[in-house]
Amino acid sequence: MKTKKWIQNFFTKTLNINAYNEGDTNEKISEEVAHCNDPDKLRVKIEPQPIKEDEPMLDAVAQCYDPDELILETEPQPTESGSQMAEAAVECNQPDKLKAEENKRTTKSKTKFQLPDAFLNEPPRVIPEKLIPVLSFDYDMLPEGLRRFVKDSAERMDNCCPDYIAVSILVLMAGIVGSRVAIQPKEFDDVWCEVPTLWAAIVGIPSEKKTPAISTALSLLDPIQKEFDETYKNDLFNYEFEKKINALEGKSTGKKSDTAFLKGEITRDELKQIMKDNQELENSSPSHRNVIISDTTVEALAIRLSNNPHGIVMVRDELTGWLSDMSREENAAARAFFLGGFSASKIKFAQDRVGRDNIELQRIVLSMLGGIQPAMLVPFLLKRQTGTLDDGLFERLQLSIFPDNNGIGFIDRKADIEAREDAIDVIKKIASISADENGEPMIFKFEPDAQKLFVSRYKDTLTAILDAKKVENSGLGSILGKECTLIAKLALLLHIASEPENQTVSVKALKQALLWGNYLRSHSQRIHALIESKNTSAYVLLEKLDVLPSPFTASTFRTKGWASLTTKDERDQALETLVELGYLFKHKVFNTKGRPREDYYKHPSIILQAAA
């Protein structure tokens, strides 16, 4: 009955004739087909179904099928009528003959196209570099106490990029010390001082061990965090104990002190002093030092900052979600909060909360660390280029790195415990730094020779910025605009990792920071060039050509889901590039039906390479 219902639908929808009734005879049905007003093409598709004896007409049609699929196409002939065509379709009982005729027509219509000699004899040209080159990581950029740990950790993670671990440690250092210190970049200008906040984006494709690298760096804080937790536990106990004693002695504000005053047991001045002492005790409630947070909401960050006023570090495995949130207009206030957190300027922040104590911050100090895939980064780069995200937020991701990793390989060995202990000592040293007696940052300056070196770099950078403006290279200009500030911050962090008690930044620390500056500039240029190169999709398609036939069409790989080839624009761009460089030859096939088809033939060298 399924076959019968399909035939009925075919008559009704395809041939635009009335459906037959249950009692209609074969002759009546054939007559309906014969009067079909579309004799140019008749297509019957029947899938094998059980045949019932009470359906003689269907039996005749169903006997004519290919076991997999039957497609009958009858080309219009001048002498053929609709009746003759219907008869040919219904009475046909020679499936082998129909199949042979079909193959004959198909072969005739697909005569092999002869590729031109110019294409065959000219070898494909090299595709321009997919990514512009970057400077490799140099262990000399790190303090000696961190080098062995970074090297050992990267190697044991199957030779992952040491850059990932090193940058993560720098952000950890920045978050731990926060606004307890600041650098005065210029010799005499004591207004311009920078708190060493750092924002880092670790860029890499999936499975590049970005998250393990971040976790490895942050693990240096674990033993120190345990000390912070124990200190808070003891301080909280002592605080609660003092409150209890005050209550028992009648020195706390409440019913006892009120009653004592009304009875004349204490004077007005004594009640005033009790209130003052209780206020001081409340203000001395202990804070839990805990600088790592993964929550990106402003409320959660404000609460954590209220207990860590000198700064915290927001850590995200993937920065994509945060960047997406920041790109929405309704999150303009949140963007302002983050921008203020990077600058660490003394701008007060207040957050009113219903049913809970309001939060008031004297300043927002926020460092940031996270990973992101290059493909996920491109949309935000495009928004920045078009002005949608051009408020400086993206430029603050100054420690954005996209390194090469060509040495990955299996490594299995024990960790270097001594190297880890040395690295933990460096972090402990930084964590022990205190602000001045007023809670303000300790100001560090460059020693004389270091100051001269910094001024020289500063002037060179200003010249480079002017040159970038002349050629309208806004991307490079934005990178250079904050570079000297970054170098000063890095010099401060590298200095306190070795000599925290010395408030004069050494030449050695500045030279290390300058190496970082050159390194980071090359990586920023690579990242910004992601939107300027059309070759990413071309490289992906070239690598996949061995699994495609020759010829193929754009629709052949449309649904493959290959990275950088998911949209029509990306696929068209990739095909255009490979045709232009001689990897593919495009041939238009003009059919009598429908639009022309574009076939893409692979160069023989690609076919031979795949076969080898």
Side-chain angles (χ1 to χ4, degrees), residues 128-142 150 154 159-171 174 197-206 208-211 213-214 217 316 318-320 323 342 367-378 380-382 384-385 392-408 457 460-461 464-465 468 473-491 493-494 511-533 535-536:
E129 289 291 333
K130 186 193 302 189
L131 298 170
I132 66 174
V134 293
L135 293 178
S136 300
F137 181 75
D138 186 347
Y139 285 98
D140 288 339
M141 297 190 298
L142 292 173
V150 172
N159 270 336
C160 87
C161 297
D163 321 47
Y164 293 162
I165 303 174
V167 166
S168 300
I169 291 177
L170 286 178
V171 177
T197 52
L198 296 177
W199 287 10
I202 292 177
V203 183
I205 62 174
E208 283 287 297
K209 299 188 183 295
K210 300 188 295 295
T211 300
I214 292 174
R316 301 286 293 177
E318 284 290 339
L319 288 172
T320 309
L323 286 170
F342 177 84
S367 290
M368 188 185 306
L369 172 64
I372 191 168
Q373 298 176 31
M376 298 295 102
L377 193 57
V378 169
F380 303 107
L381 290 169
L382 290 171
R384 181 203 159 277
Q385 187 182 53
L393 183 138
F394 200 88
E395 283 74 16
R396 283 163 172 75
L397 289 165
Q398 293 175 297
L399 267 69
S400 296
I401 58 169
F402 189 4
D404 299 315
N405 186 5
N406 300 320
I408 191 167
R457 177 58 176 259
D460 290 343
T461 303
I465 292 173
N473 189 340
S474 60
L476 179 59
S478 65
I479 295 170
L480 298 174
K482 299 182 182 299
E483 187 178 81
C484 287
T485 300
L486 174 62
I487 289 173
K489 289 180 178 182
L490 292 173
L493 290 172
L494 295 167
K511 285 184 176 180
Q512 287 177 320
L514 291 173
L515 290 176
W516 274 104
N518 296 335
Y519 166 87
L520 292 169
R521 183 190 293 189
S522 71
H523 284 256
S524 293
Q525 289 173 331
R526 165 179 280 190
I527 291 170
H528 282 77
L530 288 173
I531 59 173
E532 298 172 3
S533 173
N535 297 325
T536 301

From Thr320 atom OG1 to Leu377 atom CG, the distance as rounded to the nearest 0.5 Å: 8.0 Å
Leu323 vs Ile372 side-chain heavy atoms within contact, under 4.5 Å: yes
Where Ile527 and Ser400 come nearest, the two heavy atoms and their spacing: CD1-CB, 3.6 Å
Test log, rule side-chain contact (heavy atoms from CB on, under 4.5 Å), inputs Leu142 and Phe137: CA-CA 10 Å; Leu142 292 173; Phe137 181 75; 3.7 Å; yes
Salt bridge (Lys or Arg N to Asp or Glu O under 4.0 Å): pairs with one or both residues in residues 514-528, sequence neighbours excluded: Asp404-Arg526, Glu483-Arg521
Inter-residue atom distance Leu397.CG - Ile202.CD1, 0.5 Å rounding: 11.5 Å
CG on Asp138 to CG on Asp163, rounded to 0.5 Å: 10.5 Å
Intermediate values then yes/no, side-chain contact (heavy atoms from CB on, under 4.5 Å), Arg396 and Lys482: CA-CA 8 Å; Arg396 283 163 172 75; Lys482 299 182 182 299; 4.0 Å; yes
Closest non-hydrogen atom pair between Leu530 and Leu131, with its separation: CD2-CD2, 3.7 Å
Ring pair (Phe, Tyr, Trp, His ring centres under 6.0 Å) partners for Tyr519, two or more places apart: Trp516, His523
Backbone N/O of Gly204 and side chain of Lys210: donor-acceptor pair under 3.5 Å: yes
Under the side chain to side chain contact (heavy atoms under 4.5 Å, CB included) test, residues paired with Ser136 that sit two or more places apart: none
Side chain Gln512, main chain Asp140, donor-acceptor under 3.5 Å: yes
Atom pair SG/CD1 of Cys484 and Ile465 - distance to nearest 0.5 Å: 7.0 Å
Steps toward side-chain contact (heavy atoms from CB on, under 4.5 Å) verdict (Leu319, Met368): CA-CA 10 Å; Leu319 288 172; Met368 188 185 306; 4.3 Å; yes
Verdict with reasoning, Leu490 to Leu520, per side-chain contact (heavy atoms from CB on, under 4.5 Å): CA-CA 12 Å; Leu490 292 173; Leu520 292 169; 4.2 Å; yes
Considering all heavy atoms, the nearest Leu493-Leu170 contact: CD1-O, 4.1 Å
Pairwise distance CG(Leu486) to CD(Gln398) - rounded to 0.5 angstrom: 4.5 Å
Check: Val150 and Tyr139 side chains under 4.5 Å, non-hydrogen atoms: yes
Geometric cation-pi criterion, Lys489 with Phe342: 6.0 Å, 45°: yes
Note, Arg457 side chain near Leu514 side chain (heavy atom, < 4.5 Å): yes
Interatomic distance, Arg316 atom CZ to Thr211 atom OG1 [nearest 0.5 angstrom]: 11.5 Å
For the student: nearest non-hydrogen atoms of Ala213 and Ile165, plus distance: CB-CG1, 3.8 Å
Closest contact, heavy atoms only, Val134 versus Ser522: CG1-O, 3.5 Å
Side-chain (Ser367) to main-chain (Leu198) donor-acceptor, under 3.5 angstrom: yes
Donor-acceptor contact present, side-chain Asn405 to main-chain Glu208, <3.5 Å: no
Minimal non-hydrogen separation, Leu480 against Ala464, with atom names: CD1-CB, 3.5 Å
Polar side-chain atom of Lys209 near backbone of Tyr164 as donor-acceptor pair, under 3.5 Å: no
